[in-house]
Participant: 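If you scroll down you'll find the structure; I have some questions about it.
Numbering starts at 1 and runs along the sequence shown.
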Amino acid sequence: MSALEIMDPKMDSGIVCTYYSIDEAIENGAAPIPISLDSTIDVRCTIDIMDHLLACEAAWHKGHSLAQTVFSCIYLLRLDRTAPHALLHSYCRIIRATCKAVVSVVSDARTHEEEDLFTMTYGLPLNGDGDDKCLSILNAVEETISRQLRACKATSSKRRLPEDLEPLQSNPNLEEGFCKALLCRLRFRKHFFHVLSCMKRPQGRGLESARKHIASCLTELESILKSADFLRSCFDESCEGDIDDKTTASGFEPIGFDAMLNSRLSAPTPPRAIKILSWKKAVEYFVKLLHDLDVICSYSLDPRLESLLRFVVQFQKSQPDLVARSHLQLLLVQDGKLYGRDPFFAVINKAAALPEATKNHDIQKNESFLQLGMLVMNLLKILCTNAAWQRRKLGKFLQDWRVIYVQLELAFRNEYGEVSSSSNDENTCMKIFQHILLWVEEQTYWIAFRFLILGFELELYSTGEYCMVYWYLYAVLIKLTEKTHLMMAVSHDTAKRKGKKKKDSPKDLARESRIPPAVLFLQCYICLAEGLTMMLAALRNEIPVFHSPSPFNTEHEKFVQHFELLQRACIPDHVSYPSYKESTTHARFSTLAMYNYFKDAQRIAKEVKSSFSNDPERLAELRKLEQGIFYPI
């Protein structure tokens, strides 16, 4: 059926291309070797090719076809032709090896489902003989140019030049500038390839090395940006159009590219024009990508699931692109283990506040516990996808968590429902079941909360729907806070038994009676959600302009559209549209004044601040809560 797509080359002869094959393009001089007989122009054109390839690579990372971005370069399609041109040959080799590494990462992480085009190679020459030696070839070229740069500096200080060293090009006044422009581009490619290689090492062993290479990449990108002034000033010709829209630092059109040459290879989709990012935007993209990768590399590989989930959610706030998210997922889940080292039952064991000794218990072989481990693993994978994909998956995923809770509960009742006296081993099993059942409930409500918040980030709610959304958030937060408080009480009890205190001191009793900071933090959100619900309901009930029915669907239909997935999973129980109407129909400003929800939120936020003095992210959230800011108002 793909042959019947409109504009598909199999059926449509109206696609106009400059060249209909690579050989035809080469015969017509589209990708000459050498690029120019004038060595100065040859060097400048080589730099233009490097810059345009960087822009093409960024466009590919953004979801465009590999065939019509990076492999629109004819030199890459016939790499053996570039062998006489050492500089271009080394650069094209490292580009091809980098593309292969990126495709491998995204394919292994399986995040390419969001952007199917990303990993399609269309039979392009991505695998080449000798690509494992690309770094040694690049290093040799880099060393030659470094020697030439040192020679330039020696000439300026009237030192003697090495006799075997030939200049890059014929104009001695431009030699140093060209050497610097080339070196920063070659070094960026080298360090970026090292970043990708180090981050793929198992169990996060290459993260420290990757951070060093990331720092070097950022330094080289700064040098690349600085080289633009030199490249624009070294030729008298002026470039047409806005320089900021150009795909090269010099502003000249690159030689050896044809975006339509591979359009016939894009069989799954109709051919389309590809808008390549400008050179400046491409550099900005790589700067952001490197910062995102640096955040991943700086993570401490904390085995506590709560900290890990917070880290992933915080990381997603910077809206990382596909490549960074793929690397994060591969770091978190390796060989069916967390970070490739911690079995997921041990991770769940720790999260459920169970004693360390139970992490190797035989109960982990139970089918329900094996399924729970898979759910946690899949949760981490889902949280590494883009926001739209993540929300869609989380909504459906909630039912799986509800089902596993029911399965665990049934297994628990079957095993221990009628046991009056039990052995120590049975007591241990019972404790594992009880703790994990409570933890599964808490986790289910956390996923529901994340699902609702993502709706704000994706702008899925209209202003007229905020009242019902905040009401539902309030209902979810109440249950999440309740389960979190119970989980923390259980955790405290486990720690207390481990300490084996004979008698509690008055200080300890006072400490136990306090509400944990994490619970108070959630209570801030509860106060704001309830306050915003009542305020918006009162506005709607008392001021007619705020109550404007939609011509397309009723309020009940909107409720179903937004919360159907939560309702199917019964999250929370006994929450429905009639209960929403009952809660908000009688809201009035006169009654609203009696309950100052916002002041309560401010008071709690001030009280709990000191408990998060070492957590800048939580402090930033608390400052927003103090100001009455609940996403997105």
Side-chain angles (χ1 to χ4, degrees), residues 391 394-395 398 402 441-442 444-484 519 521-550 552-602 604 621 624-625 628-633:
R391 188 176 189 273
L394 286 178
L398 278 166
R402 244 346 193 189
E441 274 197 296
E442 182 196 16
T444 304
Y445 285 110
W446 183 88
I447 294 168
F449 177 69
R450 178 74 185 146
F451 171 81
L452 291 169
I453 289 295
L454 280 168
F456 285 122
E457 291 183 19
L458 294 164
E459 299 180 358
L460 298 180
Y461 312 129
S462 67
T463 50
E465 295 162 356
Y466 281 170
C467 183
M468 69 171 70
V469 174
Y470 283 122
W471 179 84
Y472 214 105
L473 265 168
Y474 168 73
V476 168
L477 281 164
I478 286 284
K479 298 297 286 184
L480 176 60
T481 306
E482 176 192 322
K483 301 303 174 187
T484 303
V519 175
F521 183 81
L522 287 170
Q523 282 184 351
C524 283
Y525 274 112
I526 289 172
C527 291
L528 277 181
E530 190 177 9
L532 287 165
T533 301
M534 292 299 114
M535 182 183 74
L536 292 167
L539 282 168
R540 185 191 60 191
N541 294 338
E542 294 196 19
I543 304 172
V545 74
F546 284 97
H547 184 60
S548 50
S550 168
F552 305 108
N553 46 14
T554 64
E555 189 179 51
H556 187 198
E557 287 170 338
K558 289 178 182 177
F559 188 94
V560 171
Q561 285 165 5
H562 286 307
F563 311 123
E564 184 182 12
L565 293 171
L566 294 169
Q567 293 276 289
R568 277 187 201 167
C570 302
I571 298 172
D573 289 321
H574 314 302
V575 168
S576 60
Y577 179 72
S579 58
Y580 159 67
K581 289 300 289 181
E582 188 182 340
S583 302
T584 57
T585 301
H586 304 292
R588 295 290 183 275
F589 285 114
S590 55
T591 55
L592 191 63
M594 293 167 64
Y595 308 101
N596 205 327
Y597 308 102
F598 303 111
K599 269 195 176 178
D600 287 345
Q602 277 187 326
I604 296 168
E621 277 189 73
K624 285 184 180 179
L625 291 171
I629 299 172
F630 191 129
Y631 213 116
I633 291 177

Participant: Heavy atoms only: give me the nearest Cys467-Tyr580 pair and the separation to one decimal.
Facilitator: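 Looking at all heavy atoms of both residues, the closest pair is SG-OH, 3.7 Å.
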
Participant: If you look at every heavy atom in Ala601 and Cys527, which pair is closest and at what distance?
Facilitator: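 Minimum heavy-atom contact is CB-CB, 3.9 Å.
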
Participant: Distance check, rounded to the nearest 0.5 Å: Thr584 atom OG1 versus Met534 atom CE?
Facilitator: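 Thr584 atom OG1 to Met534 atom CE measures 6.5 Å (nearest 0.5 Å).
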
Participant: Answer whether the closest heavy-atom distance between the side chains of Val469 and Phe563 falls below 4.5 Å.
Facilitator: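 Val469 reaches Phe563 side chain to side chain.
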
Participant: Could you walk me through whether Tyr525 and Phe521 satisfy the ring-ring contact (aromatic ring centres under 6.0 Å, His included) test, starting with their C-alpha distance in whole Å, then the side-chain angles of each, then the deciding distance to 0.1 Å, before giving a yes or no?
Facilitator: CA-CA 7 Å; Tyr525 274 112; Phe521 183 81; 5.6 Å; yes

Participant: Does the side chain to side chain contact (heavy atoms under 4.5 Å, CB included) test come out yes or no for Leu528 and Tyr597, once each step is laid out?
Facilitator: CA-CA 6 Å; Leu528 277 181; Tyr597 308 102; over 6 Å; no

Participant: What pairs meet the salt bridge (charged side-chain N to carboxylate O under 4.0 Å, His left out) rule with one or both residues in residues 445-456, with sequence neighbours excluded?
Facilitator: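 Qualifying pairs: Arg450-Glu457.
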
Participant: Can you sort out the partners of Arg391 under salt bridge (Lys or Arg N to Asp or Glu O under 4.0 Å), two or more places apart, ordered by chain and number?
Facilitator: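 With neighbours one apart ignored, the set is empty.
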
Participant: Can you check whether Leu532 reaches Leu473 side chain to side chain, under 4.5 Å on heavy atoms?
Facilitator: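 No, too far: nothing below the 4.5 Å cut-off.
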
Participant: His556: which residues meet the ring-ring contact (aromatic ring centres under 6.0 Å, His included) condition with it, sequence neighbours left out?
Facilitator: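 Only Tyr577 meet the ring-ring contact (aromatic ring centres under 6.0 Å, His included) criterion with His556.
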
Participant: Which residue pairs pass the salt bridge (charged side-chain N to carboxylate O under 4.0 Å, His left out) test when at least one of the two sits in residues 469-482, sequence neighbours left out?
Facilitator: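 As it turns out, the salt bridge (charged side-chain N to carboxylate O under 4.0 Å, His left out) pairs with a partner in residues 469-482, which skip direct neighbours, are Lys479-Glu482.
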
Participant: Check step by step if side chain to side chain contact (heavy atoms under 4.5 Å, CB included) holds for Phe559 and Ser576.
Facilitator: CA-CA 9 Å; Phe559 188 94; Ser576 60; 5.6 Å; no

Participant: Output the distance between atom CD (Glu621) and atom SG (Cys524), rounded to the nearest 0.5 Å.
Facilitator: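 Rounded to the nearest 0.5 Å, the CD-SG separation comes out at 10.5 Å.
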
Participant: Where do Leu565 and Leu398 land on the side chain to side chain contact (heavy atoms under 4.5 Å, CB included) test, with the steps shown first?
Facilitator: CA-CA 8 Å; Leu565 293 171; Leu398 278 166; 5.7 Å; no

Participant: Check salt bridge (Lys or Arg N to Asp or Glu O under 4.0 Å) between Glu564 and all other residues, then give those that pass, not counting sequence neighbours.
Facilitator: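 With sequence neighbours excluded, Glu564 shows a salt bridge (Lys or Arg N to Asp or Glu O under 4.0 Å) to Arg568, given in chain and number order.
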
Participant: Indicate the atoms forming the closest heavy-atom contact of Asn541 with Ala587, along with that distance.
Facilitator: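 Nearest pair, atom of Asn541 first, then Ala587: ND2-O, 3.1 Å.
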
Participant: Roughly how far, to the nearest 0.5 Å, is the CZ atom of Phe598 from the CD atom of Glu530?
Facilitator: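 The CZ atom of Phe598 is 10.0 Å from CD of Glu530, to the nearest 0.5 Å.
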
Participant: I need the minimum non-hydrogen distance between Trp471 and Ser579, along with the two atoms involved.
Facilitator: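 Heavy-atom minimum between the residues: CH2-OG, 3.5 Å.
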
Participant: So how far is it from Arg402 CZ to Leu566 CG, rounded to the nearest 0.5 Å?
Facilitator: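 Spacing of CZ (Arg402) from CG (Leu566) equals 10.5 Å.
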
Participant: How would you list, by chain and number, every residue that makes a side-chain hydrogen bond (donor to acceptor under 3.5 Å, both in side chains) with Gln523, sequence neighbours excluded?
Facilitator: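 For Gln523, no residue satisfies side-chain hydrogen bond (donor to acceptor under 3.5 Å, both in side chains) once neighbours in sequence are set aside.
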
Participant: Residues in ring-ring contact (aromatic ring centres under 6.0 Å, His included) with Tyr461, at least two apart?
Facilitator: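 Applying ring-ring contact (aromatic ring centres under 6.0 Å, His included) to Tyr461 gives Phe456, His562.
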
Participant: Any chance you could measure Leu394, atom CG, to Trp446, atom CH2, to the nearest 0.5 Å?
Facilitator: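 CH2 of Trp446 is found 7.5 Å from CG of Leu394.
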
Participant: Residues two or more places apart in sequence or in another chain: which of them pass side-chain hydrogen bond (donor to acceptor under 3.5 Å, both in side chains) with Gln567?
Facilitator: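 side-chain hydrogen bond (donor to acceptor under 3.5 Å, both in side chains) list for Gln567, sorted by chain: Tyr472.
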
Participant: Minimum heavy-atom separation for Phe449 and Val476, please, with both atom names.
Facilitator: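 Heavy atoms only, the tightest pair is N-CG1, 3.9 Å.
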
Participant: Going by side chain to side chain contact (heavy atoms under 4.5 Å, CB included), name the residues that satisfy it together with Leu522, two or more places apart in sequence or in a different chain.
Facilitator: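 Scan of Leu522 (side chain to side chain contact (heavy atoms under 4.5 Å, CB included), adjacent residues dropped) gives Leu477, Leu480, Thr481, Thr484.
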
Participant: Who are the salt bridge (Lys or Arg N to Asp or Glu O under 4.0 Å) partners of Glu441, not counting sequence neighbours?
Facilitator: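 Per chain and number, Glu441 pairs via salt bridge (Lys or Arg N to Asp or Glu O under 4.0 Å) with Lys483.
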
Participant: Could you tell me which residues satisfy side chain to side chain contact (heavy atoms under 4.5 Å, CB included) with Ala475, sequence neighbours excluded, listed by chain and number?
Facilitator: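 Only Pro572, Val575 meet the side chain to side chain contact (heavy atoms under 4.5 Å, CB included) criterion with Ala475.
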
